[in-house]
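For reference, the structure discussed in these notes is given below.
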Amino acid sequence: MRAGPSQEEVRRHNLGTLLRYVHVHGATSRAELTSRLGLNRSTIGALTADLTTAGLVSEAAPLETRRAGRPSLVVRPESSRVYAYAISIEVDRLRAARVGLGGHILDRRETDRPRGMQVLDAVEPLAEFVREMRVGVPDDTRYVGTGVAVAGMVRRVDGMVRLAPTIGWVEEPVGPALRSALGDAGPLTLGNHADVSALVEHSRGAAAGCDNVIYLYGDVGVGAGIIADGRRVAGHGGYGGEVGHMVVNPYGRECSCGSRGCWETEIGEYALLKHAGRDQQSGRDAVLGVVDAAMRGDSQAQFAVRQVGEWIGFGVGNLVNIFNPEAVIFGGTLRDVYLVAAAQIRSRLNAIALPACREHIRLRTPELGNDAALIGAAELAFERLLEDPLIN
């Protein structure tokens, strides 16, 4: 028979549970931690003391209290002292940030990414951003690693981008290239852009409190992060969530993946701009231009939004039938289209989804906005620390 966990294993587990709670929820009183985590007061006191000694949290009296008697100490993550670097590789942008424990962005950099830019050309400016952000970081801080979000299919074990058609990369060793450019950067973990955004919107954003969530991210292409029963649906190899390549129109346009009639050919950037008669344009600003024109009454722009809205509702209705989520979040340029076409999307969704699957559904926009990918990328780096706060 296998022996139960040792006292040290239980202690480390409890340390990780407490640190994760404070990391996600922010400043929390000892009294609330005692209630939320189901541990007694003395155990909470010992755990917070250990985490304080490790430099991961701090404790202080609350700024104000309305209760009589001695107030419960408040535990805060050491956001300014414990940090990760976060990198986001997107269709039109390269972004990097220094993110403190607790999900606070301490510093950030951004530059345009010309379409067609190859891996090595993209890696160097990102590495330079990290080098710039290192300057002036106090010596008593703790760096835990770097997380990278990529708008494509990522093999997490080695950082190989298997397929990112909207970026133009196929079987590209992004992870090794970044490690080489960053030098002694410590642990580096890659993930899919929509996946990491879904995780943080689920833990601290628009879907907090929902255990079944679909986060849709759109630009040229469309991807999804799917949370089922509180856990990410990754699939074999970690490539789940490629909903943009769900075929919805077998006689539709050819997709960049080589198939025909994929969902992203009907709701992505190119579809909206083509319907609006602006197919010579590209990029987020062009999409926002169509949305703005539709809001001002431009008939061609309104037609484009209606067409795309119909297909968004069509695809979401099918996803709702399959996954039965509590919330669907529209990120990227899908957010902007949703804000104009919400009623139409809901109408099409209601026509397709089964009543039992749709009656509770909430359609939302990201609470963390464009920062979701950066904060989510940082979560990849923080995960090891949150699992075992005493790890070196």
* Residues that R284 engages under salt bridge (charged side-chain N to carboxylate O under 4.0 Å, His left out), provided they are two or more places apart -> D336

* Where the side chain of R113 meets the backbone of I167, is there a donor-acceptor pair that is under 3.5 Å apart? -> yes

* Asked: Can you name the side chain to side chain contact (heavy atoms under 4.5 Å, CB included) partners of V220, sequence neighbours left out?
  -> V91, R115, T166, E269, Y270

* Asked: Are the side chains of E264 and S256 in touch, meaning some heavy atoms are under 4.5 Å apart?
  -> yes

* Is E387 paired with R12 through a side-chain N to carboxylate O contact shorter than 4.0 Å? -> no

* To do: Could you point out which residue of I375, T189, L380 forms a side-chain contact (heavy atoms from CB on, under 4.5 Å) with V196?
  => L380

* Less than 4.0 Å between a side-chain N and a carboxylate O, is that true for R109 and E128? -> no

* Above 12 or not: heavy atoms from other molecules or residues under 6.0 Å from CD of E359? -> yes

* Are the side chain of S197 and the backbone of H193 linked by a donor-acceptor contact shorter than 3.5 Å? -> yes

* Structure fact -> In terms of heavy-atom contacts, A378 and V99 come closest through CB-CB, 3.7 Å

* **Within 6.0 angstrom of R134 CZ, more than 12 heavy atoms from elsewhere** => yes

* Taking all atoms of both residues into account, what is the closest heavy-atom pair of E110 and R93, and its distance? -> OE2-CD, 3.2 Å

* Side chains of I312 and Y338: does their closest heavy-atom pair fall under 4.5 Å? -> no

* Asked: Counting only N and O atoms by type, is there a donor-acceptor contact under 3.5 Å from the side chain of D112 to the main-chain atoms of P114?
  -> no

* Is L120 atom CG crowded by more than 12 heavy atoms from other residues, nucleotides or ligands, each under 6.0 Å away? -> no

* Between A206 and T365, which heavy-atom pair has the shortest distance, and what is it? -> CB-O, 3.5 Å

* Check whether any side-chain heavy atom of N249 sits under 4.5 Å from a side-chain heavy atom of W311, and report yes or no. => yes

* Hey, are the side chains of L216 and V316 touching, using non-hydrogen atoms and a 4.5 Å cut-off? -> yes

* Asked: Do the side chain of E124 and the main chain of A181 share a donor and acceptor less than 3.5 angstrom apart?
  -> no

* To do: Output yes when R20 and E383 qualify as a salt bridge under the 4.0 Å nitrogen-oxygen rule, no when they do not.
  => yes

* Side chain of T53, backbone of A49: donor and acceptor closer than 3.5 Å? -> yes

* **4.5 Å side-chain heavy-atom contact, V200 and D371** => no

* To do: I would like to know whether L47 and L39 meet side-chain contact (heavy atoms from CB on, under 4.5 Å); could you show each step before the answer?
  => CA-CA 10 Å; L47 294 173; L39 300 171; 3.8 Å; yes

* Asked: Hey, are E8 and S6 close enough side-chain-wise for a donor-acceptor pair under 3.5 Å?
  -> no

* Structure fact -> dist L37:CG -> T28:OG1 (nearest 0.5 Å) comes out at 9.0 Å

* Asked: Can L390 be reached from I44 by stepping across I, L, V, M, F, W or Y side chains whose heavy atoms are under 4.5 Å apart?
  -> yes

* Asked: Do V290 and V222 share a hydrophobic cluster, counting only Ile, Leu, Val, Met, Phe, Trp and Tyr and linking them when any side-chain heavy atoms are less than 4.5 Å apart?
  -> yes

* Any donor and acceptor pair, going by atom type alone, linking the side chain of D388 with main-chain N or O of R384 inside 3.5 Å? -> no

* So, does S72 use its side chain to make a donor-acceptor pair with the main chain of R30 at under 3.5 Å? -> yes

* Structure fact -> Minimal heavy-atom distance between A294 and V340, with the atoms involved, is CB-CG1, 4.5 Å

* Asked: When you measure from the side chain of R204 to the backbone N and O of H23, does any donor-acceptor pair fall under 3.5 Å?
  -> yes

* Asked: Is the backbone of S58 close enough, under 3.5 Å, to the side chain of T52 for a donor and an acceptor to pair up by distance?
  -> no

* **Side chain to side chain, N324 and N212, heavy atoms closer than 4.5 Å** => no

* **Inter-residue atom distance R142.CZ - L385.CG, 0.5 Å rounding** => 5.0 Å

* Describe, in one word, how the ring planes of Y83 and Y85 are oriented to each other, choosing from parallel (under 30°), tilted (30 to 60°) and perpendicular (over 60°). => perpendicular

* To do: Please round to the nearest 0.5 Å and tell me the distance separating atom CD of E310 and atom CD of E266.
  => 11.5 Å

* To do: Using a 4.5 Å cut-off on heavy atoms from C-beta on, say whether the side chain of P366 contacts that of Y215.
  => yes

* Any chance NE2 of H13 has more than 12 other-residue heavy atoms, nucleotides or ligands included, within less than 6.0 Å? -> no

* Hey, mind stepping through N370 and R95 against side-chain contact (heavy atoms from CB on, under 4.5 Å) and telling me if it holds? -> CA-CA 11 Å; N370 291 327; R95 297 190 293 155; 4.0 Å; yes

* Please check if the side chain of E201 supplies one atom and the backbone of L368 the other of a donor-acceptor pair under 3.5 Å. => yes

* How far apart are the closest heavy atoms of I87 and T146, and which atoms are they? -> CD1-CG2, 4.1 Å

* Test side-chain contact (heavy atoms from CB on, under 4.5 Å) on R278 and Q300 and set out the steps. => CA-CA 10 Å; R278 306 185 186 193; Q300 181 101 26; over 6 Å; no

* **I89 vs L94, side-chain contact (heavy atoms from CB on, under 4.5 Å): CA-CA, chis, key distance, verdict** => CA-CA 5 Å; I89 301 174; L94 299 172; 4.0 Å; yes

* Asked: What about V161 and V170, same hydrophobic cluster or not, with Ile/Leu/Val/Met/Phe/Trp/Tyr joined at side-chain heavy-atom distances under 4.5 Å?
  -> no

* Transitive ILVMFWY side-chain link I329 to I226, under 4.5 Å -> no

* Asked: Which pairs pass side chain to side chain donor-acceptor pair (under 3.5 Å) with one or both residues in residues 222-241, sequence neighbours excluded?
  -> R162-Y239, D195-R232

* To do: Return the minimal non-hydrogen interatomic distance between E171 and P173, and the atom names on each side.
  => O-CD, 3.9 Å

* Asked: So if you build clusters from Ile, Leu, Val, Met, Phe, Trp, Tyr with side-chain heavy-atom gaps below 4.5 Å, do I227 and L363 land together?
  -> no

* To do: Any chance you could measure S88, atom OG, to R108, atom CZ, to the nearest 0.5 Å?
  => 11.0 Å

* Asked: For the atom pair CG (N321) and CG (L354), what is the distance rounded to the nearest 0.5 Å?
  -> 4.0 Å

* Asked: Any side-chain heavy atom of V328 sitting closer than 4.5 Å to one from F330?
  -> yes

* Name the orientation class of the two ring planes belonging to H275 and F303 (parallel below 30°, tilted from 30 to 60°, perpendicular beyond 60°). => perpendicular

* Asked: Measuring from T333:OG1 to D219:CG, what's the distance to the nearest 0.5 Å?
  -> 6.0 Å

